[in-house]
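Model, not experiment: these values are computed from the prediction. The sequence lines fix the lettering, A, B, ..., with proteins before strands; numbering per chain opens at 1.
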Amino acid sequence: MTTTAQRLLVVENLSVSLPAARGEVRVVDRVSLSLERGRTLALVGESGSGKSMLCRAIMGLLPGGARRTGSGRVVFAGRDLGALLERELNRIRGREIGVVLQDPLSSLNPVLTIGRQIAETLRYHLGFSSARARERSIELLRAVGIPRPEERLACHPHQLSGGMRQRVAIAMALSCDPQLLITDEPTTALDVTIQAEILNLLGRLQKERNMAMILVTHDLWVAAGMAHDTAVMYAGRIVEQAPTGELFARMRMPYTKALFDAIPRVDDPPHTNLKAIGGTPPDLAALPPGCRFAPRCPRVQTRCRAEEPPLVANDREDHRYACWFPYPSEDSP
Amino acid sequence: MGRKRGAAFWLPLAWITFVVLCAISASWLPVPSPDQIDWDNLAVKPGVAGHLLGTDTLGRDIASRLLFGARVSLIVGFLAPCIGLVLGCFAGVIAGFYRGLAEKLIVGAIDTFLAFPRLVFLLVFIFVLGASLSNLTIALGILTAPSFARVARANTIRFAGREFVLAAKAIGAGDVAIILREILPNVLAPMLVYMLLVMGFVIVAEGGLGFLGLSVPSPTPSWGGMIAEGREALDETPHVSMIPTAVMFLTVLSVNLIGDRLRGQVDGRESQL
Amino acid sequence: MGFFWGKFVHLVVVVLAVTAVTFVMLDLLPADVAHEVAGQSATSRDVAAVRQELGLNDSVAARYGRWLAGAARGDLGTSLVTRQPVGEAIASHLPVTLELLLLAQLFALALAIPAGIVSAWRAESPIDRALGSAAFGLISVPSFALAIVLIYFFSLRLKWFPAIGFTPLSEGAWPNIRGMILPAVSVALVEFASLMRVLRGDMIATLREEFILFARAKGLPTWRILLRHALRPSSFTMLTLLGLHIGNLIGGAVIIETIFALPGIGRLLVSSIFSQDYPMVQGCVLIITVGYVAVNFLVDICYGLLDPRVRKEGSVG
Amino acid sequence: MSDRSLQQNEPLLRVIDLLVEFPAVRGQKVHAVSGVNFSLARGETLGLVGESGCGKSSLARAIMQLPRPTSGRVILDGEDLTTVDPVRLRILRSRFQMIFQDPVASFNPFRSVGESIGAPLRTLWGVDEDERTRRVREMMEAVGLDSDQYYRRRPFQLSGGQCQRAGIARALMTEPRLLVCDEPVSSLDVSVQAQIINLLREVKGRYGLSMLFISHDLGVVRNISDRVAVMYLGRLCEVAPCAALYAAPVHPYTNALLAAIPRPDPERPLPEGGFLPGELPSAIEPPSGCRFRTRCPRAQASCSEVQPELREIAPGHLVACHYPLLFGS
């Protein structure tokens, strides 16, 4: 068992609120997780589950209006990020924590060349000369599999394809050798063949550099193929978390199973009726009392509508779920 | 719908209403005629000898001249943008919907018109057809049409690319039906808000013409003309210029504030899409 | 290059169209030029002779063609009133207008860019609200009304600047600038307001873009993000507006020129129209239109410099 | 009787040599769809898969005559939609309808959802308002929308899934025979996506529809289709019954697509190396011969010279490749 000091990232009881028409809405609600070097954690959830907001809260880059509430902490490499000044945070962001965002076209500045955008991080954080930054940029672009990197430096983002742009964004995130890489839906905007390439690349880089990685995705299968651990989020809360193999072998929380069953699979025969989740995704401004998934849950009972289940480990130390009436542990999907 | 509008909306609205009511009832209000000269009280300060806002250098009652001048400013300020809206909307929607040659021609015409020195157009128009309230309104209306056309075209292109227009085509709706039922209602909302901004511009433009003595022929007063007349004696009797300046400023400010607030709401509706 | 030539052809067409329309419009004016030129005591024979001499018996098209041919050679004709060559008159009035225009734009931009950046960065803060309200007030003041107020305070009360009049540069740079400051500020304050509002709006939109989030995630300091990442992609609408302002000002500063008694193009134009000095009007219109179109052409070129995505290939859905 | 049986055997939709080109800069042309042939039987669902930029949306719009294709024929029920006069086309439009990718944007924000659903009845058949409202309410209930609650709502007041239900209701109002679905679930969350797919399957059975179902998601296409067509850069590569295509893809591109799907198996990591080397070529200057050859692992010299046509290699299994992945070869 590792102690807090050894873990690279520890998030404790983190909550984020957004102002809404009817008071404040908690988009992230009392989330705790931890991550060690060399491990990948997948955050899985549908839109509005709070997974992206959680990442932005970790980086201290919440959008206008959103703010952290409660007594939550984000401890990165022994430092409480919430207690740091913006200037000190800037020394960590980009240098120790790298980020890759969803849409590679909109995450690169359209009016600056690729070369300038990579070099500026190197020059600002590491104080490289422009010649050295250029050299290093070429190395980085080569490392993410971009052919003829010397020529690409003078390109603007719109001159590259979607896959290439995402490779460039990854190169930028890696420029200062970060210890943690946060990737927010890195392949959602890409085609399936490109997605596979980018996931491959991320997996390889993560192993080579022994980075910790957070992979945000709405696709359970991407998580399954990439992550050591998987956390499933629903309506701002983590509802189930386990090592990926364990999670897929024994889904305890009904939402995880329902999400899994709703995906059409290439292995199923055609015209299989999909097990859709009934009802509509929750309105965060009007959450039900008790379990948030209760209104859509096939196993719902009276207790679920009254008491909110805590996220706890019951029969396995590393498998936590928030459910009063979980599927039995021998049941596998 | 219960939206928060606040004082920045209601105060301007109250002022505009006040000005409109004054302009309508100017003939019945107990003020001297705007061209009646009070020889004993030339350029007196506000409140002297029964002149609520004083008199100008010719001894004419400023309050009265403001009231009658308001008619000119408001009529021109309201009707000219209406003319511009109708002309511009027509040209802009046609250009944005059909693209191709029609668009090239209309955009070319708009560009030419915008490059045309406005003053030459106004002066020649008024020289040829005579200086009157209606000619002034028409001239300023035509002058605002190109910018309306630009806004209409941009919005039409934006909406014509949306899937709901494609959906209408898929059920066999004709061009006229699509323009009238699908595009126009959506384009009109931003256009009407834009019209409020243009109203402010037109009131200023009319003031400018009045300042040059090119607005409605005397003896009808105009706000711009009043500011110009007071300029001669700015040092001794600043109020002759400053009072109409203030009234004009408040009116334009009110129109702009209302327009700005409404634009925020239209944009807000858009962002929900 | 095709883009450049297309724009250039467009430019020439617009200039031709505007001057032709002016020609026709002036032809509609209900005045007999020959009468004016021949003078009060002229007999009808004299008038006819003048008419013949000026070629007024020809059709509008023929006269326009002749004027165009002259203009192409640099000959814009002679003033009917002063008998001065039109080109000469314009050359003497143009520098005043250009100086006013340049000073006004410098003032406006020098205020608008920092103010726009600050209020976008600190959107909805007290400083943004203060700047926004100031801008809103300024937008609602006609520049001539502002000029009157400025004259009242700074010339008549404080006596810092002359109220009216133009001092040529030959009599010293400071007297020349000093006389220009109030007119330029009257124009600049109104323009500053609209430029600032546009820059603020675009900048707020840009700051919401994902690439700004990405830049912040790279740990770059705020000033660097604002100036290097956000300003350039946010300045297109401001640039367009600047072009329109300059274009309109070339011919539209009449009122300011009148108030401050500056001998610029605008005043020359108005007095020519009043005295029905057609060659002069025609010359002024030509200069103003060419100026307007050229400024817009420059703006288009600036777009290309600011944004590398000038032209994109059509994509298949 | 023979007439009727003939009609029964005849496919509902036949697309012949369909060509869609539109102008690009400097007088060039975008070759969005280049010579596509396929047919769709009555009651059948054909899935069309391909990556972005392959021309699948252009193909859908060409079939819908929005606008009419550059050349080629689209024969619905024996009538060529590309040559019928506009009046006839308008009448025929009630028989083929479309469902759009962005459900919210496919409704006019200015009007209530109920009104928009009833629009086809008004435009095509001139049904009066009372009758329209009644039929719209019926249809809304049929697609699982509470008509009392949602009839008067504006599209942006509905969730994506609800809007797509409304989109399906609108498409069904005129009792069409063909439904063209252009990425109908790609903007929806997984849990809602499953609801919509199930609904589409249900209404297809209930109303006896044929469907052309376009998607980039191979799992979704497999679930709903009888046959699948794979498209690459404006051409069809492979057309086959669903089970056969997924079990044994024959075209190298289909193979790469299937291999790229992430599997829920951490023990079996994604294969190393790129699935498709290089970049998608430009649709303005597509490669000569086989358009896939620039990224194909099996490409030979002849692939750049001769354009492969779709040929039948097994019953109902068509492939356009000179060197297909055949068993035993």
Side-chain angles (χ1 to χ4, degrees), chain A residues 45-49 145 147 160-164 187 189-197 199-201 203-204 218-228 243-245 248 255 258-281 283 296 333, chain D residues 45 47 49-54 159-162 185 188-199 201-202 216-228 241-243 246 253 256-276 278-280 295:
Chain A
E46 297 182 281
S47 51
S49 61
L160 303 179
S161 70
M164 283 297 152
T187 58
L190 304 175
D191 278 320
V192 60
T193 53
I194 315 285
Q195 157 169 302
E197 283 175 29
L199 291 177
N200 260 344
L201 175 70
R204 179 168 61 80
H218 65 274
D219 189 336
L220 267 174
W221 290 8
V222 166
M226 292 285 295
H228 299 99
T244 307
F248 278 83
Y255 173 67
L259 189 63
F260 185 77
D261 286 340
I263 307 170
R265 257 167 281 189
V266 275
D267 311 320
D268 281 345
H271 304 306
T272 313
N273 217 27
L274 294 167
K275 291 182 201 152
I277 307 177
T280 49
D283 176 4
R296 306 172 76 188
Chain D
T45 301
V49 274
E51 296 180 286
S52 50
C54 75
S159 70
Q162 288 165 334
V185 294
L188 304 175
D189 266 323
V190 178
S191 66
V192 181
Q193 168 181 302
Q195 294 173 4
I196 298 296
I197 293 172
N198 286 344
L199 175 66
R201 195 187 350 264
E202 187 197 321
H216 64 273
D217 187 324
L218 291 142
V220 168
V221 167
R222 176 177 170 107
N223 183 278
I224 201 162
S225 312
D226 300 303
R227 282 193 305 146
V228 177
C242 202
Y246 282 78
Y253 177 62
L257 272 186
L258 286 171
I261 301 173
R263 313 267 161 172
D265 188 358
E267 304 308 313
R268 196 168 66 96
L270 296 159
E272 266 297 331
F275 294 89
L276 291 177
E279 305 273 320
L280 183 72
R295 307 170 74 188

ask   = Side chain, backbone, both or neither: which part of D:D226 has an atom under 4.5 Å from a heavy atom of chain A?
value = both
key: Where D:S191 and A:E46 come nearest, the two heavy atoms and their spacing   = OG-OE2, 2.7 Å
query = Who among A:M164, A:H218, A:H271, A:K275 has the most heavy-atom pairs with chain D under 4.5 Å?
reply = A:H271
query = What pair of heavy atoms forms the shortest contact from D:A256 to A:T193, and how long is it?
reply = O-CG2, 4.2 Å
request  = State, to 0.1 Å, how close A:P264 and D:I197 come at their nearest heavy-atom pair, and which atoms those are.
outcome  = CG-CD1, 4.2 Å
key: Closest contact, heavy atoms only, A:I194 versus D:E51   = N-OE2, 4.4 Å
ask   = Tell me, side chain or backbone of A:N273 under 4.5 Å from chain D's heavy atoms, or both, or neither?
value = both
task = Could you check if a side-chain atom of A:L259 sits within less than 4.5 angstrom of a side-chain atom of D:V190, using non-hydrogen atoms only?
result = yes
key: Taking every non-hydrogen atom, the tightest pair across D:A194 and A:A262   = CB-O, 3.6 Å
request  = To the nearest 0.5 angstrom, please state how far the CD1 atom of A:I263 sits from the CG atom of D:N223.
outcome  = 12.0 Å
message = Is D:E202 close to chain A through its backbone or its side chain, or both, or neither, when contacts mean heavy atoms under 4.5 Å?
response = neither
query = With only heavy atoms counted, which part of A:S47 is less than 4.5 Å from chain D, the side chain, the backbone, both or neither?
reply = both
message = With rounding to the nearest 0.5 angstrom, report the OG1 to CG distance, A:T280 to D:D189.
response = 11.5 Å
